[in-house]
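Worksheet for the structure shown next.
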Number of protein chains: 2
Amino acid sequence: MITLTERQRLILKAIVRDYTEGGNPVGSKSLVQELPVKVSSATIRNEMVRLEDLGLIVKTHLSSGRIPSIKGYRYYVDHILKPEKVDGRDLQVIQHSLGGEFHKIDEIVAQSADILSQLTSYTTFTLRPELKDSRLSGFRLVPLGNHQVMAILVTNNGDVENQTFTIPNDLTGDELEPVVRFIDDQLVGLPLQDVLQQLQREIPLKLAKYLQNPDGFLDIFGSVLSKAASERFFVGGKLNLFNYTAQQNPKTLQSLYSLLDQTDNLANVIGPPGQRIQVRIGNEITNDLLKDYSLITATYDVDRHGKGMIAILGPTAMPYSRMIGLMGAFQRELARKLLDYYRYFDE
Amino acid sequence: MITLTERQRLILKAIVRDYTEGGNPVGSKSLVQELPVKVSSATIRNEMVRLEDLGLIVKTHLSSGRIPSIKGYRYYVDHILKPEKVDGRDLQVIQHSLGGEFHKIDEIVAQSADILSQLTSYTTFTLRPELKDSRLSGFRLVPLGNHQVMAILVTNNGDVENQTFTIPNDLTGDELEPVVRFIDDQLVGLPLQDVLQQLQREIPLKLAKYLQNPDGFLDIFGSVLSKAASERFFVGGKLNLFNYTAQQNPKTLQSLYSLLDQTDNLANVIGPPGQRIQVRIGNEITNDLLKDYSLITATYDVDRHGKGMIAILGPTAMPYSRMIGLMGAFQRELARKLLDYYRYFDE
DNA sequence: AATTAGCACTCCGAGCTTTCGAGTGCTAAT
DNA sequence: ATTAGCACTCGAAAGCTCGGAGTGCTAATT
């Protein structure tokens, strides 16, 4: 456990702030003017030697100013930083953008990623409230004519998933009736996870009683079901990558872009829902591509409708204080909006 | 009209090829070895002076080798180039990727953009066969319970568009019946364009006979309808931008990315369906951001189901011959696949 | 014991110079 | 009409200088 004197903390704080704002290593002379205590540059230099011994700041070369190390950011975030009160205008932007009418959870969550990236100028991810606790509340097969049929799956949370299939022969209501009855009797009310499991074994057996050849139906049902039960990430502000990654080589940028396009990887990056707000800095992120970035994640809680996540990806030199304040506000607003949305389906 | 001697054409052709492959300005000495005719470097230099006077090649500085000008590429494409026979493996990739089973036109067309970008290492756009000639062949309102209703629109080409709406009160079959009857009687069979027009004036009036308060329904119907009637572009290989644009500054790259993300702009870039294969080079493209790139567009024809487009965006120094050959093959394969797909809905 | 002034030392980066090689245009000879 | 020969040009890479910002250390001061 590292303990710092008050003056050392002030110096570390000032170094973090200066470097984050200006992007240049910070020297002892410029600190003299900024510190609230009156000391000479030589004293600051002596203190900096101690901070460096503790591994909190480093030099870029033998006679350069100092920049915070990962450990330094860590200490700053854990022990110095106070979340900034969120700006009134920012709050207004959030409330206004979430204020409109939405017809899908996914729309709200996708929109959230965009707002957050706009407010931060960084890249953001959002994950909708987990689907694993959702229950199947309805399934429809709508014949569209022309050898097409649309399968629609509805959950108790109001999520709707659908897919159109082309089939060899048109279906009639009579053929569908036993299938629909089977679903209603046996599966409605079960968590999607359970249905997904049963799909492997029980369902084909049971369905055999109702249908001659259940394979076609199983494909359709399984496909919509797994679509409905899969996690979905939304990414906002991909273009912002260009802004905070300027000095890097283009290959790295390309890899990053590619990472952000494969949204199924993002689950590993963000990690499971956890404490309310979490900051991971540099190599604390379990992905080598992101070892020079920082990731702020937050879990939002929509009561019994599950938990979701929001995340901000940016440079390690990031205005953490503002970001964390913003995250807190967003967390609350999003949870509130979603609760409001879910009210429809609770009655 | 420019006329060149045979030797001049050979020189221009070699310059285009060398520069396209190597990326460096081409000098007289290296050409000596490559030309099929035996001449000295001095002779080539003399010829190059003439080609430069005609504006077909330029120097990057006073004593550098030559690179083709836009006019030079133009001449090459129009008068020298022969489309390369498409590689057997490439053809196999195309056929295999289009060979699978699809449930939507859009899936096929989106997949096409990906295949083409993979084969070319460039960025590609595809536009599905125009929807404007599609006719409305069905409309459904499916109550999902929980204050939700799904609107489904089907066209005679088998396109299905759907959207879920949250409504204040649950609908019953009885309430929907007159609306569905109205659509069937009055609108089914009409081109989507016509329906869209009527939506402004006639439909609200006529609907008043059937429904007390038609506004809610009009919103829903209009929303799905305009979704169904809108053009949609698919972009493939956005990441490839990083490869063929390396030397450019990152700001340009960012703008380009942004352009490709706003797919509604792409209609202007690609232009209307036209001749079968068209090459636009540098400033011939009506978009300043693309003035250092080339665009190859092709129109594919699916008989009475309309025409669509495919396009390749790459550097001006592009292996045109291979690209055009590939474009031709792709054009045919895609048209064939789509015809095959449409067969279902023709019966 | 903590702080500070003074100073020699380090290193980066911007700008300048040098050098090398590839390429050109021109002239005169073939 | 073609070619050999040659002086000339320019860019890119490598080497150089120099100023500025910053450091650590020592000795003096509080």
Side-chain angles (χ1 to χ4, degrees), chain A residues 3-12 14-19 21-69 72 246-247 317, chain B residues 3-12 14-19 21-69 72 246-249 317:
Chain A
T3 41
L4 299 185
T5 66
E6 189 54 29
R7 193 168 65 190
Q8 285 167 338
R9 306 176 97 221
L10 285 174
I11 290 175
L12 178 56
I15 291 176
V16 169
R17 181 161 44 80
D18 279 19
Y19 183 59
E21 285 172 9
N24 297 315
V26 186
S28 54
K29 279 179 202 151
S30 61
L31 283 179
V32 171
Q33 302 149 29
E34 302 205 19
L35 284 184
V37 282
K38 250 215 135 10
V39 286
S40 75
S41 66
T43 308
I44 295 178
R45 279 203 291 283
N46 290 332
E47 292 285 39
M48 292 209 290
V49 170
R50 268 162 254 154
L51 290 175
E52 188 167 13
D53 287 345
L54 290 168
L56 298 176
I57 56 179
V58 292
K59 291 186 275 208
T60 61
H61 61 86
L62 196 60
S63 73
S64 78
R66 307 303 214 290
I67 65 175
S69 68
Q247 81 293 1
Chain B
T3 39
L4 300 184
T5 66
E6 190 54 29
R7 193 168 66 189
Q8 286 168 338
R9 306 176 96 222
L10 285 174
I11 290 174
L12 178 56
I15 291 176
V16 169
R17 179 160 45 80
D18 280 19
Y19 182 61
E21 284 172 10
N24 297 315
V26 186
S28 53
K29 278 180 202 148
S30 59
L31 283 179
V32 170
Q33 302 149 30
E34 303 204 21
L35 285 184
V37 282
K38 250 212 134 16
V39 285
S40 75
S41 67
T43 307
I44 294 180
R45 279 202 292 285
N46 290 332
E47 292 284 39
M48 292 210 288
V49 170
R50 266 163 254 153
L51 289 175
E52 189 168 12
D53 288 344
L54 290 169
L56 298 176
I57 57 180
V58 293
K59 290 185 275 205
T60 62
H61 61 87
L62 197 60
S63 73
S64 78
R66 305 304 213 292
I67 66 175
S69 67
Q247 79 294 2
Q248 313 256 5
N249 72 51

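Convention: sequence-line order gives letters A, B, ...; per-chain numbering from 1.
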**Message:** Taking only side-chain N and O atoms of A:Arg7, does any of them lie within less than 4.0 angstrom of OP1 or OP2 on C:dT3?
**Reply:** yes
**Asked** Just how far is it from atom CD of A:Gln33 to atom CG of A:Leu31, taken to the nearest 0.5 Å?
**Response** 9.0 Å
**Request:** Starting at atom CD1 of A:Ile67, determine the distance to atom P of C:dC12, rounded to an integer number of angstrom.
**Result:** 14 Å
**Fill in**
Residue set satisfying side-chain hydrogen bond (donor to acceptor under 3.5 Å, both in side chains) with B:Arg9, at least two apart, ordered chain then number -> none
**Prompt:** What bend angle does the helix from C:dA1-D:dT30 to C:dT30-D:dA1 show across its length, from five-pair end axes and to the nearest 10 degrees?
**Reply:** 20°
Got a list of side-chain donor-acceptor pairs under 3.5 Å for residues 60-69 of chain A, not counting sequence neighbours?
residue, atom, partner, partner atom, Å
A:Thr60, OG1, A:Ser64, OG, 3.1
A:His61, ND1, A:Ser63, N, 3.3
A:Ser64, OG, A:Thr60, N, 2.9
A:Ser64, OG, A:His61, N, 3.3
A:Ser64, OG, A:His61, O, 3.2
A:Arg66, NE, A:Glu52, OE1, 3.2
A:Arg66, NH2, A:Glu52, OE1, 2.8
A:Ser69, OG, A:Gly55, O, 2.6
A:Ser69, OG, A:Leu56, O, 3.1
A:Ser69, OG, A:Lys71, N, 3.3
A:Ser69, OG, A:Gly72, N, 3.0

**Protein proximity profile, nucleotides 15-30 of chain C - base contact B, sugar-phosphate-only contact S, no contact -, cut-off 4.0 Å on heavy atoms** = --------BBB-----
**Request:** For DNA chain C, find the residues of residues 34-41 of chain A with a heavy-atom distance under 4.0 Å and give them by number; none if there aren't any.
**Result:** A:Val39, A:Ser40
**Prompt:** Within a strict 4.5 Å, meaning less than it, do heavy atoms of the A:Ile11 and A:Leu4 side chains meet?
**Reply:** no
What donor-acceptor contacts under 3.5 angstrom involve side-chain atoms of residues 34-43 of chain A, with partners at least two apart or in another chain?
residue, atom, partner, partner atom, Å
A:Ser40, OG, A:Ala42, N, 3.3
A:Ser40, OG, A:Thr43, N, 3.3
A:Ser40, OG, A:Thr43, OG1, 3.2
A:Ser41, OG, A:Arg45, NH1, 3.3

**Residue closer to the 5' end of DNA chain D, B:His61 versus B:Ile44 (nearest nucleotide)** = B:Ile44
**Message:** B:Ile44 vs B:Met48, test: side chain to side chain contact (heavy atoms under 4.5 Å, CB included). Steps then yes/no.
**Reply:** CA-CA 6 Å; B:Ile44 294 180; B:Met48 292 210 288; 4.0 Å; yes
**Prompt:** A:Thr5 versus A:Glu47: any side-chain heavy-atom pair under 4.5 Å?
**Reply:** yes
